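Just below is one structure, and these are the notes that go with it.
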Protein chains: 2
Amino acid sequence: MAKTKAYKSDVKAAIHETALDLHETGLIDKHTMRRFDQSCLTPVRKFTAEEIRALREREQVSQTVFAMYLNVTKDSVSQWERGDKRPAGPACKLLSIVAEKGLAAIA
Amino acid sequence: MAKTKAYKSDVKAAIHETALDLHETGLIDKHTMRRFDQSCLTPVRKFTAEEIRALREREQVSQTVFAMYLNVTKDSVSQWERGDKRPAGPACKLLSIVAEKGLAAIA
DNA sequence: CCAATATGTAGAACTCTGTGCTATATTTCA
DNA sequence: TGAAATATAGCACAGAGTTCTACATATTGG
């Protein structure tokens, strides 16, 4: 696991926690709090069929096992990789997490 | 962050990694490998409307911010919490992660 | 070596999530 | 006071995700 990635996400988590604490102490208002939350969110990528397949193969798992991790059916994963259907909002978020942190992050 | 939670997920991640290494070394077959994967997966809960709201309020964020984290619209979160609609597979997985590890885990 | 299993493709029909929009009400803060 | 954040509500619609079947190939275990 690359140190830079872990560092990055730790920073974001820390910013969120710090902002939360400052809000509870009354030092910043909700308005500013929300700006902090937006700034520390990892942007969600769009995934092509090939990228999804490459991602799964990088993690060395079958479509069935990959599907279990994402809590979808194996057919859905197959359809994504063939370009038959495209993953929606929440599915893309999960794929982004896997792409950044690996399958273990959503175990 | 509670140590027990971090420990638990670390164990599961470790089992997965170990199984993967054993497979690459040729010490276990794919069949067994898959069983390992299934056993170290966190079961995905069903969430009631009240549980979703409680979860969001525990994390101290508005529906809008919560929605940004899950990569869905604020309307969807509102509908979940009112019992108008129920989160699907991938959305439930994300909610499970937040319930177990907190919002920072999907930042 | 052979039967069983895992893996992936393919397509069809169906459910209902998730989106987008508008409108309304209340609260919060400058 | 008035602008912005927050949450509810309803409705129409595209398409995501499910479920089913059938088929083709590895791969494997006995």
Side-chain angles (χ1 to χ4, degrees), chain A residues 19-20 22-39 44-50 52-96, chain B residues 19-20 22-24 26-38 44 46-50 52-57 59-96:
Chain A
L20 194 59
L22 286 173
H23 170 59
E24 285 168 352
T25 325
L27 291 177
I28 65 174
D29 54 22
K30 285 187 177 179
H31 193 259
T32 309
M33 172 73 194
R34 189 172 166 232
R35 292 235 180 81
F36 270 107
D37 270 323
Q38 288 175 328
S39 68
V44 175
R45 296 185 199 165
K46 301 271 184 182
F47 289 89
T48 66
E50 294 75 21
I52 296 175
R53 170 157 301 172
L55 184 57
R56 175 178 64 82
E57 288 177 344
R58 190 192 75 183
E59 301 293 328
Q60 312 246 30
V61 290
S62 65
Q63 290 181 344
T64 302
V65 171
F66 197 61
M68 293 192 314
Y69 274 88
L70 304 176
N71 199 34
V72 296
T73 60
K74 66 175 175 56
D75 299 282
S76 287
V77 173
S78 176
Q79 285 160 356
W80 293 347
E81 293 188 0
R82 281 180 288 137
D84 196 358
K85 290 183 180 175
R86 312 181 64 180
C92 280
K93 178 70 188 190
L94 284 169
L95 289 172
S96 291
Chain B
L20 194 59
L22 286 173
H23 169 59
E24 283 169 353
L27 290 178
I28 66 175
D29 53 23
K30 284 188 178 179
H31 193 260
T32 309
M33 171 72 193
R34 189 171 167 233
R35 292 235 180 81
F36 271 108
D37 271 323
Q38 288 174 328
V44 175
K46 301 272 183 182
F47 289 90
T48 66
E50 294 74 21
I52 296 175
R53 169 157 302 174
L55 184 58
R56 175 178 64 82
E57 288 177 344
E59 300 294 328
Q60 312 247 29
V61 289
S62 66
Q63 289 181 344
T64 302
V65 170
F66 197 62
M68 293 192 315
Y69 273 87
L70 303 176
N71 200 35
V72 296
T73 60
K74 65 176 174 56
D75 299 282
S76 287
V77 174
S78 177
Q79 284 161 356
W80 294 346
E81 292 189 2
R82 280 180 287 137
D84 196 356
K85 290 182 181 176
R86 311 181 65 180
C92 280
K93 178 70 188 191
L94 284 170
L95 290 173
S96 291

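In this text, all values refer to a predicted model and were calculated from it rather than measured experimentally.
- Every side chain to side chain donor-acceptor pair (under 3.5 Å) that Gln63(A) has, sequence neighbours left out, goes to Glu81(A).
- Inter-axis angle, ends of the helix from dC1(C)-dG30(D) to dA30(C)-dT1(D), five pairs per end, rounded to 10 degrees: 60°.
- The side chain to side chain donor-acceptor pair (under 3.5 Å) test applied to Arg82(A) returns Ser78(A), not counting sequence neighbours.
- Side-chain N/O atoms of Arg53(A) include none lying less than 4.0 angstrom from OP1 or OP2 on dT7(C).
- In terms of position along DNA chain D, the nucleotide closest to Gln63(B) lies nearer the 5' end than the nucleotide closest to the other residue of the pair Gln63(B) and Pro90(B).
- Legend: residues meeting side chain to side chain donor-acceptor pair (under 3.5 Å) with Ser76(A), ordered by chain and number and at least two apart, are Thr73(A).
- At a threshold of 4.5 Å between non-hydrogen side-chain atoms, the residues Leu95(B) and Leu70(B) count as touching.
- Between dT6(D) and Arg56(B), no contact under 4.0 Å exists linking OP1 or OP2 to a side-chain N or O.
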Under 3.5 Å donor-acceptor pairs involving side-chain atoms of residues 83-90 of chain A, not counting sequence neighbours:
none

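- No side-chain heavy atom of Arg56(B) sits under 4.5 Å from any side-chain heavy atom of Glu59(B).
- Interface remark: the Lys85(A) side chain does not form any donor-acceptor pair with the dG15(D) base, using a distance-only criterion of under 3.5 Å.
- Less than 4.0 Å separates DNA chain C from at least one heavy atom of each of the following residues of residues 73-82 of chain B: Thr73(B), Asp75(B), Ser76(B), Gln79(B), Trp80(B).
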